[in-house]
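Worth knowing before you read on, the calculation uses all heavy atoms, side chains too, and leaves out hydrogens, waters and symmetry mates. The model shown is predicted, which means the values in this text are computed figures rather than measured ones.
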Amino acid sequence: MAEPALLAVAHGTRDPAGPAAVRALLARVRAMRPGLRVAEAYGELAEPSLEDAAAALGGGPVVLVPLLLARGYHALADFPGRAARLLPGAVASRPLGPDPLLAHALADRLAGRLTGCLSGRSPIGIPPRPDAVVLGAAGSADPAGTADAREAARLLARRLGRPVRHGFVAAGGPVLDEVVADLRRGGARRVAVASYLLAPGRFHDRIAACGADAAAPPIGAHPAAARLVLRRYDEARSGAAAPVRAQVSRPVS
């Protein structure tokens with residue numbers, strides 16, 4: 001039996017840097033597993049669409065991997081349901097996050113933002129160990145998505161060995177700007193934000209403007225993220241994931 005193709009579906013953004021980051025990540029995935037068919041797709045706002053990418057696969061077994069960092073409408077209903085109509089028998093993995101591999105990638109991105117000069121102080125003028133670290137995420141009206149972001153902050157805190165609060169820029173609470181302001185009122189002079197996003201775009205722009213002293217770049221094509229894409233593919237292929245479900249009405253995020 002042919003090895004299933006990996007249909008990687010990101011949310012999409014009008015910012016060209018977003019699809020560029022996704023393509024770089026998938027290039028790393030292909031390099032890690034030569035011979036595996038890996039297709040790039042987007043739920044909205046970028047091309048190729050999920051439908052176009054599914055049609056281009058030309059049939060055969062498929063594993064859909066949502067390039068999303070938390071549960072929510074797109075990961076649990078929208079993407080699997082749209083794929084099910086075009087790819088009977090396809091299975092969908094759970095979203096990438098939360099996961100210790102993402103905490104690894106977040107810590108690296110944050111360190112890269114805060115260090116890099118021989119003096120031991122960062123090029124942006126704050127010490128490598130700021131007074132406070134916050135995980136900034138898009139957010140979701142789905143309680144499961146909120147719980148996933150909270151768990152991602154806990155995993156990052158364990159990775160860094162220090163407290164990490166979390167905040168959202170698009171939906172739900174706590175609001176990232178308010179979290180940063182609250183930390184300053186509590187005495188934190190230097191606040192850094194780890195961007196819990198896969199790629200640049202509008203949400204990362206909001207994170208960068210939250211009032212923190214530094215915001216790390218999105219996870220992008222970090223090797224840990226590429227390993228995680230393949231782990232989700234393998235989990236779904238082995239039967240650890242539920243079959244693709246029919247699309248339901250849009251509820252929450």
_With a 4.5 Å cut-off on side-chain heavy atoms, are V179 and H166 touching?_
no
Correct closest heavy-atom pair for G12 and A46 would be CA-CB, 4.2 Å
Taken to the nearest 0.5 Å, the spacing of R184 CZ from R190 CZ works out to 8.0 Å
For a salt bridge (Lys or Arg N to Asp or Glu O under 4.0 Å) check, start with the C-alpha distance between E3 and R237, then their side-chain angles and the critical distance, and finish with the verdict. CA-CA 9 Å; E3 185 176 47; R237 185 185 178 190; 3.4 Å; yes
CZ (R109) and NE2 (H222) are apart, to the nearest 0.5 Å, by 5.5 Å
- Item | Note, L102 side chain near L155 side chain (heavy atom, < 4.5 Å) | no
Scanning both residues in full, the closest heavy-atom pair of A224 with A105 reads CB-CB, 4.3 Å
Is R82 reaching over with its side chain to a backbone N or O of E51, donor-acceptor style, under 3.5 angstrom?
no
Rounded to the nearest 0.5 angstrom, the OH-OG distance for Y233 and S238 is 11.0 Å
From the list I219, V65, L96, side chain to side chain contact (heavy atoms under 4.5 Å, CB included) partner of L228 resolves to L96
Linking I/L/V/M/F/W/Y whenever their side-chain heavy atoms sit closer than 4.5 Å, directly or via other members, would L230 and L67 fall into one cluster?
yes
In terms of heavy-atom contacts, D52 and P48 come closest through CB-CB, 4.4 Å
> So, does Y196 use its side chain to make a donor-acceptor pair with the main chain of L69 at under 3.5 Å?
Replying inline: yes
task: State yes or no: do V38 and V91 share one hydrophobic cluster built from I, L, V, M, F, W and Y residues joined by side-chain heavy-atom distances below 4.5 Å, directly or via other members?
output: yes
Exercise for the section: State, yes or no, whether a side-chain contact exists between V180 and C210 at a heavy-atom distance under 4.5 Å. Expected result: yes
May I ask you to decide whether R227 forms a salt bridge with D99, counting only side-chain N to carboxylate O separations under 4.0 Å?
-> no
Is there a path of hydrophobic side-chain contacts, each under 4.5 Å between heavy atoms of I, L, V, M, F, W or Y residues, that connects F168 with L176? no
d(E40 CD, L7 CG) to nearest 0.5 Å is 10.5 Å
Considering only heavy atoms from C-beta outward, does the side chain of T146 approach that of D142 to under 4.5 Å? no
Sorted by chain and number, sequence neighbours left out, ring-ring contact (aromatic ring centres under 6.0 Å, His included) with H11 holds for H74
Rounding to 0.5 Å, atoms CG (L50) and CZ (R85) come to a distance of 9.0 Å
- Message: Is there a side-chain contact between L57 and L86 in this structure, where contact means two heavy atoms from C-beta onward sitting under 4.5 Å apart?
- Response: no
R33 meets the salt bridge (Lys or Arg N to Asp or Glu O under 4.0 Å) criterion, sequence neighbours left out, with D234
Is any side-chain heavy atom of S49 closer than 4.5 Å to a side-chain heavy atom of Y42?
no
Taken to the nearest 0.5 Å, the spacing of L160 CG from L135 CG works out to 10.0 Å
Looking only at heavy atoms, the pair that brings T13 and G18 closest together is CG2-CA, 3.6 Å
Considering only distance and modelled atom types, tabulate donor-acceptor pairs under 3.5 Å from the side chains of residues 198-209, sequence neighbours left out.
{"residue": "H204", "atom": "ND1", "partner": "S195", "partner atom": "OG", "Å": "3.0"}
{"residue": "R206", "atom": "NH1", "partner": "V169", "partner atom": "O", "Å": "3.2"}

Report whether L45 and L197 are members of the same hydrophobic cluster (ILVMFWY, side-chain heavy atoms less than 4.5 Å apart, transitive linking). no
Taking the side chain as C-beta and beyond, is there a heavy-atom pair between P98 and R71 under 4.5 Å? no
- Query: So, do V191 and D131 sit near enough that their side-chain heavy atoms are less than 4.5 Å apart?
  - Reply: no
query = Is it the case that more than 12 heavy atoms not belonging to R23 sit under 6.0 Å from its CZ atom?
reply = yes
Review point. Do D182 and R165 pass the salt bridge (Lys or Arg N to Asp or Glu O under 4.0 Å) test, and can you show the C-alpha distance, the side-chain angles, and the key distance before you say yes or no?
Key: CA-CA 11 Å; D182 185 58; R165 293 176 61 177; 2.8 Å; yes
Quick one: do L64 and V9 satisfy side chain to side chain contact (heavy atoms under 4.5 Å, CB included)? Show the steps, please. CA-CA 7 Å; L64 182 149; V9 187; 4.0 Å; yes
